[in-house]
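Every value quoted in this text rests on a predicted model; they were computed, and no experiment measured them.
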Amino acid sequence: MNTSKNMHNKTHTTAVVLIPPESVQPSIQKLRRIHDRNFVRWMPHITLLYPFAEQHDFGSIIPALTQAAQQIAPFSVELVRFDAFRHRKSCTMFLVPEPEGEIVRLHSKLMHYLPDYDDTARFAGGFHPHLSVGQFQHRSLQTEQQRLQSEWQPIHCEMGAISLIYRSSETDDRFVVAEQFPFTLSS
């Protein structure tokens, strides 16, 4: 079922994400507070769909998000190792959510219901789940990655829902959760 007809207006003020449970966020936030220029704007998250639908389209998008979530069972993720995307002028370091399989499967379900929002699938190598922790210069990336890896205590957590988030002037331009969609499939 494709419910995205005529809904291809996209904005960078909304997204569909996985948010780690609050109980595991302090160590992630400790890193992000120091290294991530987007610390204030974004909560810790793994991006699934971004850019996404405009806020006024949420009502027509919610059924698709609900259906996709109902086809996923809650799953475990470990955040053990760091990797990085290399951009022209800087690098983005991130934690790799492992195993990636369930997140990739979830992303595929979302793509089935909302194919117009495929921006995260268009990167070289396709969709690549990650939890960004900061931006670094090319010259310091390897040293910083080794340092962070040696100090990092792995995190194990359960993912139980996707979140539809938005930012606006009413939220001081910070992303907030509009709605969560629990995973309801029995494992």
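- Between the K30 side chain and the Q25 main chain, no donor and acceptor come within less than 3.5 Å of each other.
- Closest non-hydrogen pair, A53 versus F58, comes out as O-CE1, 3.6 Å.
- A donor-acceptor pair under 3.5 Å is absent between the side-chain atoms of T171 and the main chain of R167, judged by distance alone.
- If you take CG on D83 and SG on C91, they are separated by 10.5 Å, rounding to the nearest 0.5 Å.
- Within the model, atoms NE2 of H107 and CD1 of I72 stand 12.0 Å from one another, a figure rounded to the nearest 0.5 Å.
- Taking all atoms of both residues into account, the shortest heavy-atom contact from A73 to S186 is CB-C, 4.2 Å.
- Here the side chains of M93 and L148 are in contact, with some heavy-atom distance below 4.5 Å.
- Taken from CD in Q149 to CG in L95, the straight-line distance is 8.0 Å, to the nearest 0.5 Å.
- The side-chain heavy atoms of R105 and E102, taken from C-beta on, include a pair separated by under 4.5 Å.
- Residues Q135 and N38 form a side-chain contact, since some pair of their non-hydrogen atoms from C-beta on lies under 4.5 Å apart.
- Inter-residue side-chain proximity for H45 and L131 is flagged as unmet; no heavy-atom pair is nearer than 4.5 Å.
- In this structure, L164 and L65 have side chains that are in contact, with non-hydrogen atoms separated by less than 4.5 Å.
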Check: Checking ring-ring contact (aromatic ring centres under 6.0 Å, His included) for the pair F82/H130: CA distance, chi angles, key distance, verdict?
Finding: CA-CA 9 Å; F82 293 87; H130 63 282; over 10 Å; no
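- In the hydrophobic clustering of this structure, M159 does not group with V80; members are Ile, Leu, Val, Met, Phe, Trp, Tyr whose side-chain heavy atoms approach within less than 4.5 Å, directly or through other members.
- Applying side-chain contact (heavy atoms from CB on, under 4.5 Å) to L49 and the options D118, V16, I61 leaves one that passes, V16.
- Salt-bridge formation is detected for the pair E98/R81: a Lys NZ or Arg NE/NH1/NH2 atom is positioned less than 4.0 Å from an Asp or Glu carboxylate oxygen.
- Using a 4.5 Å cut-off on side-chain heavy atoms (C-beta onward), T13 and Q55 make no contact.
- No path of Ile, Leu, Val, Met, Phe, Trp and Tyr side chains, each step under 4.5 Å between heavy atoms, connects V96 with V104, placing them in separate hydrophobic clusters.
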message = Checking E158 against S76 for the side chain to side chain donor-acceptor pair (under 3.5 Å) test, could you report, in this order, the C-alpha distance in whole Å, the side-chain angles of both residues, the deciding distance, and whether it holds?
response = CA-CA 4 Å; E158 294 293 314; S76 297; 2.3 Å; yes
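- Side chain to side chain, Q70 and T184 fail the donor-acceptor criterion of an N or O pair below 3.5 Å.
- In the displayed structure, R122 atom CZ is contacted under 6.0 Å by more than 12 heavy atoms of other residues, nucleotides or ligands.
- Contacts of H87 classified as side-chain contact (heavy atoms from CB on, under 4.5 Å), with partners at least two apart in sequence or in another chain: F85, S90, T92.
- Here the CG-CG distance, from L18 to L48, works out to 4.5 Å after rounding to the nearest 0.5 Å.
- Here the closest non-hydrogen pair linking I28 and I155 is CG1-CD1, 3.8 Å.
- Here the CG atom belonging to L141 is positioned 9.5 Å from the CD atom belonging to Q146, to the nearest 0.5 angstrom.
- No side-chain heavy atom of T11 sits less than 4.5 Å from a side-chain heavy atom of P51.
- When atom types are taken as modelled, the side chain of S132 and the backbone of G134 share no donor-acceptor pair closer than 3.5 angstrom.
- Looking at heavy atoms from C-beta onward, Q29 lies in side-chain contact with P44 at the 4.5 angstrom threshold.
- I165 belongs to a hydrophobic cluster whose remaining members, ordered by chain and number, are V17, I19, W42, M43, Y50, F175, V177; membership requires side-chain heavy atoms of ILVMFWY residues under 4.5 Å apart, directly or through intermediates.
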Give the C-alpha distance, both sets of side-chain angles, the deciding distance and a yes or no for ring-ring contact (aromatic ring centres under 6.0 Å, His included) between F123 and H128. CA-CA 8 Å; F123 294 104; H128 191 79; 9.5 Å; no
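- The structure places CZ of F52 at 5.0 Å from CG of L114, a figure rounded to the nearest 0.5 Å.
- No hydrogens or angles considered: a donor-acceptor pair under 3.5 Å links the side chains of Q71 and Y113.
- Environment of CD in E151: crowded, with over 12 heavy atoms of neighbouring residues, nucleotides or ligands closer than 6.0 Å.
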